[in-house]
Each structure stands twice: as C-alpha cells, then as structure tokens.
Amino acid sequence: MLAVRRLQLRDFKAGFALALNLLSTIGVSSRESTTARWILVADGDEASATRVAGLLLHARFRAYPAARGLEALRLARRHRLGLAVVDVHLLDMTGCDLVRQLRAIEPGLPVVMTSGDYRPTTEVEARQLGIVQYIHKPVDLHRLELVIARIFAADAELRLALDAPGPGG
Amino acid sequence: MDHPRVLVVEDDKDVGELLREALSRWGYDVTLAANGREAVRLISHQIFDAALVDIWMPEMDGLQVLDEVKRHDPALEVVMMTGNPMVETAVQALKSGAYDYLIKPLNLDELQHLMQQVLEKRFLSREVHSLRSRLADHLAVKDLVGGSPGMTRVKEVIATVADSDSPVLIEGESGTGKELVAAAIHRQSGRAKGPFVPVNCSAIPADLMESEFFGHVRGAFSGAVADALGLFRSAHGGTLFLDEVAELSPALQAKLLRVLQEKEIRPVGSTKTHAVSVRMIAATNKNLETVVQAGTFRQDLFYRLNVVRIVVPPLRERKGDIPALITYFLRRFNERFRRDVKGIAPDATAALTAYDFPGNVRELENLLERAYALGARDEIERANLPELAAKPDAPVVAVNEPIPTLDQAERDLIARALARFLNDKEQAARALGLTVRTLYRRIKKFGLI
C-alpha cells in the first residue's frame, strides 16, 4: 500500500512537469473550447497503463488505461480517440490485433506502440500497421510528449482541455 | 418541445447555482440536488436525460450516486465533476459507467460542448460505432474499384510499374485511396512476400524522425534501452510507403536522398551502416512541384521519388464509377451489418451522382455507412442520405500550377517514359517521338543513369 502511494507521488510530480511542458510546447491559448478526444493507454501490465494514463490525466488529457483489448474497444465505441498508446502484449489479445480493430472504428487513428519485447520481428510486425512511433519499455515520456504535441497541435479541433493551468501550475 | 432535463448533484451551493444558471441559459431544465440521498430520491420518481454529479460530497459520495443512477436507469448519462483529479477516482467513475468527467474549476465552454455531446450526438454516433466495431473489420477496402478511363489508367500504370523497383510518387486529394494504390503496387511486385510498411510523415515529430526512420542503437540517447530497427530496416525486402511526404523535415529529406542513392542507412548512435533493400513509394495530397518551388521540398529528392508518377483522380472526375462503388460498398456493409440491402433508389443515386464529393471515395463510404446506421433496409432511399449541397468551399484543384522549365519538363517526360517501358530505350524513344540516339543524348544530358 505504501509502495503504491510513493509511486503515485513521484508520478504526479513528473505529471506536473509533463503538463507544463505540453502547455508550452503546444502554446494553447486559454479558454479554448474543446472537443477533446481521448487517449487510450492499453497495456497488459495494468500498473504500467495506469502510470502513463495518470501522467496524461494530470496533463489534463482525457486518458484511459486498459489492460484488456475488449475494454479498450469499449472505450473506442463510446468516445472518439485521438491517439492510442498500445503495448504489443495485452491480457486478452495482441496489441497488433487491437490496433486493427481500433482502426475499424476510428480509421487513421495515430498509434504509438510500446514493447518490452526487444526482438526485431516484433518491431517489424508492429510497423506494418502504420504507426507513429515504436517505443521500447520503459516508456520514454519525452518521446511520448513530443508525439502528443505533434498530433494534438496539428488539428485545431483537437486542441485539448488545456484551457486551465494544470494542477500546481 | 420539452427541454432536456438535467439533474445537478452538488453540495456546494454556489457552484450549484452557477451550474443552474448556465444550463438554463443553454435551454436545459435543471433540477438541483444538494446531496446524494436527495439525488437518489429524485431519480426514483422522475426521468432525467443527463446528470452532473460532484464526486466529493459528504455522506454519500459521487461514485455511490453514480452506482445508484446506473442501477436505476442504465441509459441515463452521468458526467462526474471533480476538484481533485485522482487517476483512480476518475478511472473508477468511467468503469462504473460515467460518460465523462470534468475537472474543476469548470470551463463552461467545455461543459456546454459536453452536454450537447451527451444529449444530441450520442445516439447516432453510438449506433454507428457499435455497428462498425461489431466485428474486427476483415473487410477493409483492399480493392481499387471502377472502370472509368481515369481508374483504368491508374490500374494500367500499377501493373506496368509494379515489378520494376523504381520509386513511385502518388498524387491525389485526400480520400482518393492513395494507400490502396501503394498497397496494390506492393502486392503485384516481386516484394509481395516482404513487409509493406506505411508511415504518415505528418504525424512524426521532427525531432524523432531520424531514429524512427533509421533506428538507433542501445544507449544512443537516454530512452534508447535496446536496439531499434526503424522504418527502413523494418521494411527491408519490402516496400516503404511514405504518406504525406511533403511534411518531411528538411534534415530528413537530405538523409532520405542519401539512402536512395546509396541504399544503406546508419542507425542513430551507430558507426556501422546497414544495406537496405527497400522500394519507396511516396504520396502527397499536395502538388509536390509547387512545394519544391516554395522551397520547402528538395528538388533533387523530388526527382528521385518522381520516377513514376501516378495521379489518382478525384471522385468528381470519375463519376462513372459511383454505381460500381455503391455496389461494392453495399456488399461489404451487408456482410458487416448483417443486412440485405438490395440496392439504392433512383433518386438517391441521382443525388449522389450530382454531388461533388470533396472527401472523395471515403466520403461516399461514410455516407452509405451512415445510411445503414440510420436503418436502411431493403434499399437505400433518398431520405437515408443527408443534404448533399455542392460545397462552394470544396477544395480547388491547384489552378496556378507552376509551369516547369522546358528542361525540367523534358527530363520529367523522359524519366516517365523510361519507367513506363522498364528502361527499354527503343520503346521509350518511339513513344516520345525521338530517335534512339537523341534519347541517349538526353539521358546523358539529364544524368538519368
């Protein structure tokens, strides 16, 4: 229990930094109306999904962690996704299968693949899906941040719920 | 007409009043509950269209209210409000069926938008989404449909160039199916067994382009925990499809040019180079020549990529294909939605044929899919389609296309002729109306290998 708490605190601190960085990278003006899309974070390692989603949440993105593909698909059916961060390994299906099914719902969905499996064949399979970024775990938040800034700044409609300062900012 | 009814559950009186005022101004009928118990009593004998629930309340907290609401009326949409965005709480709320959550201080624009989303768009979009995803889409569009002169020409060029290994540049508006053309070339080529790796250049941050394309070695930078192949080595033996190629950063353009010339890459942080055998297909919805003239795309790279050019015509220039496309999509949607729509009413066909389709084939596909979602049964009727006014702001095809110099044009034509006839100089010369000797001289002059 204690370990969990400590992890959160540290992550929240990183989250503030991420939020502030994102704000300055994207340069979003305040009070912008939002049709914010969601960021799905799918990873068979639930703690890892929750950690990344937590950081995004603190940067005021709508982020949702899922350890199962079916749960990820439920989210995609309910909300428009703007980005999916998908690990190659999920509890009930492979990350690549999930991406194919997500794209049936949201064609052209930008996808960041994460992987703790460093074999080249895994990367080749993932890249054939047309992904934005392939990241070995542990996830380098700086890379993720750059990808998010690029994707969400590209489209004014996607300019996010970044209209109020992040917690602590 | 009834106003949509919204239940606001909020223990802070000031916030409650503020919400009542805002929501009433937007035309909602608002009922305030100061605590969870009152809220539960209200929902047990009144019907609401949406609820806004504060998470942190004394006695019965928002999550408990949410559970009660969902037990009572699962279709009632609940938006949670929280002043303290704890990940666990937010996630728990969503898992328990909340539609969304808002973080305080509330942004009224965001609230207004969210309420509209909840109350208006939800039903249609949910229907479309659930239908779409009922199955993994094994039926993704794979075929180039249509026998119009424009499409026939595209298919001919694909068949001719597929087996040569030369780079291909595909131009066309968005929604015309440039990736399908690229995939078709790959499938008909000798590389069909190798990987087809598509990449949207506009989505990759400039700072990460180099390591994405060329990979990196372990320790090359702080996050590099293992060797990564990158796009080129992942596509080794196959085809790399660069969509929106005009968006490549200048630094990467220079590096790409070198790869095309030397057929080898060097991963970030490595001293070793790796030979790669990759066929490059690039696509753009811009006129790349204009981009070159504007100075944001390298001319030498343009020439390298533009050995064979395929222009995919917009749908409005091949309206003859609309009936064939409709038949094709109906067959797919019948299978996917398990319906038996047999055809389309004449007035609906007429409306579609008269329309300009700024979004091209993809827009036609979306219109038909929407018709299914709206319940088309025996046939698609005019009423299943939205208003289809020709949009005055439809994308204009580059009117002021730059005029190339004669030399450029000549070089371009010769390169294309050579690619088309697979480097058979006699055939190319005949097609260009030159003697073989003249052709050889020009080839030398322009340095076309």
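If you're wondering where the values come from, they're calculated on a predicted model, not measured in any experiment. Labels below follow one simple rule: chain letters A, B, ... track the order of the sequence lines, proteins then strands, and each chain is numbered from 1.
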Asks: Does any backbone or side-chain atom of F241(B) lie under 4.5 Å from a heavy atom of chain A? Answer side chain, backbone, both or neither.
Replies: neither

Asks: How far does CD of E212(B) sit from CD1 of I131(A), to the nearest 0.5 angstrom?
Replies: 7.0 Å

Asks: Can you say whether D207(B) sits under 4.5 Å from chain A via the side chain, the backbone, both, or neither, judging by heavy atoms?
Replies: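 Contact with chain A is through the side chain of D207(B) alone.
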
Asks: So, taking the atom named CZ in R62(A) and the one named CG in L94(B), what distance separates them when rounded to the nearest 0.5 Å?
Replies: 9.5 Å

Asks: What part of P110(A) gets within 4.5 angstrom of chain B, counting heavy atoms only: side chain, backbone, both, or neither?
Replies: neither

Asks: In terms of heavy-atom proximity below 4.5 Å to chain A, should D243(B) be classed as side chain, backbone, both, or neither?
Replies: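 D243(B) has no heavy atom closer than 4.5 Å to chain A.
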
Asks: Looking at G223(B) and D140(A), what are the two nearest heavy atoms and their distance?
Replies: CA-OD2, 3.6 Å

Asks: Which bit of L231(B) comes within less than 4.5 Å of chain A, counting heavy atoms only: side chain, backbone, both or neither?
Replies: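 Both parts, heavy atoms under 4.5 Å.
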
Asks: Applying the side-chain contact (heavy atoms from CB on, under 4.5 Å) criterion to L208(B), which one of H142(A), R150(A), R143(A) satisfies it?
Replies: R143(A)

Asks: I need the minimum non-hydrogen distance between Y64(A) and K95(B), along with the two atoms involved.
Replies: OH-CG, 3.3 Å

Asks: Output the option from S222(B), C201(B), A235(B), G230(B) having the highest count of non-hydrogen pairs under 4.5 Å with chain A.
Replies: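 Most heavy-atom pairs within the cutoff with chain A belong to G230(B).
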
Asks: How close do V225(B) and P138(A) get, counting heavy atoms only, and between which atoms?
Replies: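 Looking at all heavy atoms of both residues, the closest pair is CG1-CD, 4.1 Å.
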
Asks: Check whether H79(A) reaches the backbone of Y99(B) with its side chain - one donor and one acceptor, N or O, closer than 3.5 Å.
Replies: yes

Asks: What distance separates R233(B) CZ from E123(A) CD, expressed to the nearest 0.5 Å?
Replies: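 So the CZ of R233(B) and the CD of E123(A) are separated by 9.0 Å.
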
Asks: As a quick check of understanding, evaluate side chain to side chain contact (heavy atoms under 4.5 Å, CB included) for R218(B) and Y118(A), giving each step before the final call.
Replies: CA-CA 11 Å; R218(B) 186 175 164 203; Y118(A) 299 164; over 6 Å; no

Asks: Less than 4.5 Å apart, side chain to side chain, heavy atoms only: is that true for V91(B) and T50(A)?
Replies: no

Asks: So which heavy atom on I204(B) is nearest to which on V132(A), and how close?
Replies: CG1-O, 3.8 Å

Asks: Once rounded to the nearest 0.5 Å, what's the spacing between atom OH of Y101(B) and atom CG of L57(A)?
Replies: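 That separation rounds to 3.5 Å.
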
Asks: Identify which part of A63(A) has an atom lying under 4.5 Å from any heavy atom of chain B, answering side chain, backbone, both or neither.
Replies: backbone

Asks: Tell me which of these, D100(B), L102(B), D227(B), has more heavy-atom pairs under 4.5 Å with chain A than the rest.
Replies: D100(B)

Asks: At their closest point, which heavy atom of L129(A) faces which heavy atom of P198(B), and how far apart are they?
Replies: C-CG, 4.4 Å

Asks: Can you tell me if CD on E71(A) sees more than 12 non-hydrogen neighbours from other groups inside 6.0 Å?
Replies: yes

Asks: Anything under 30° is parallel, anything over 60° is perpendicular, the rest tilted; go ahead and classify H136(A) against H216(B).
Replies: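 The rings of H136(A) and H216(B) stand perpendicular, inter-plane angle above 60°.
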
Asks: Can you confirm whether more than 12 heavy atoms, excluding those of W56(B), are under 6.0 Å from its CH2 atom?
Replies: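 Counting neighbours around CH2 of W56(B), 12 or fewer heavy atoms of other residues, nucleotides or ligands fall under 6.0 Å, so no.
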
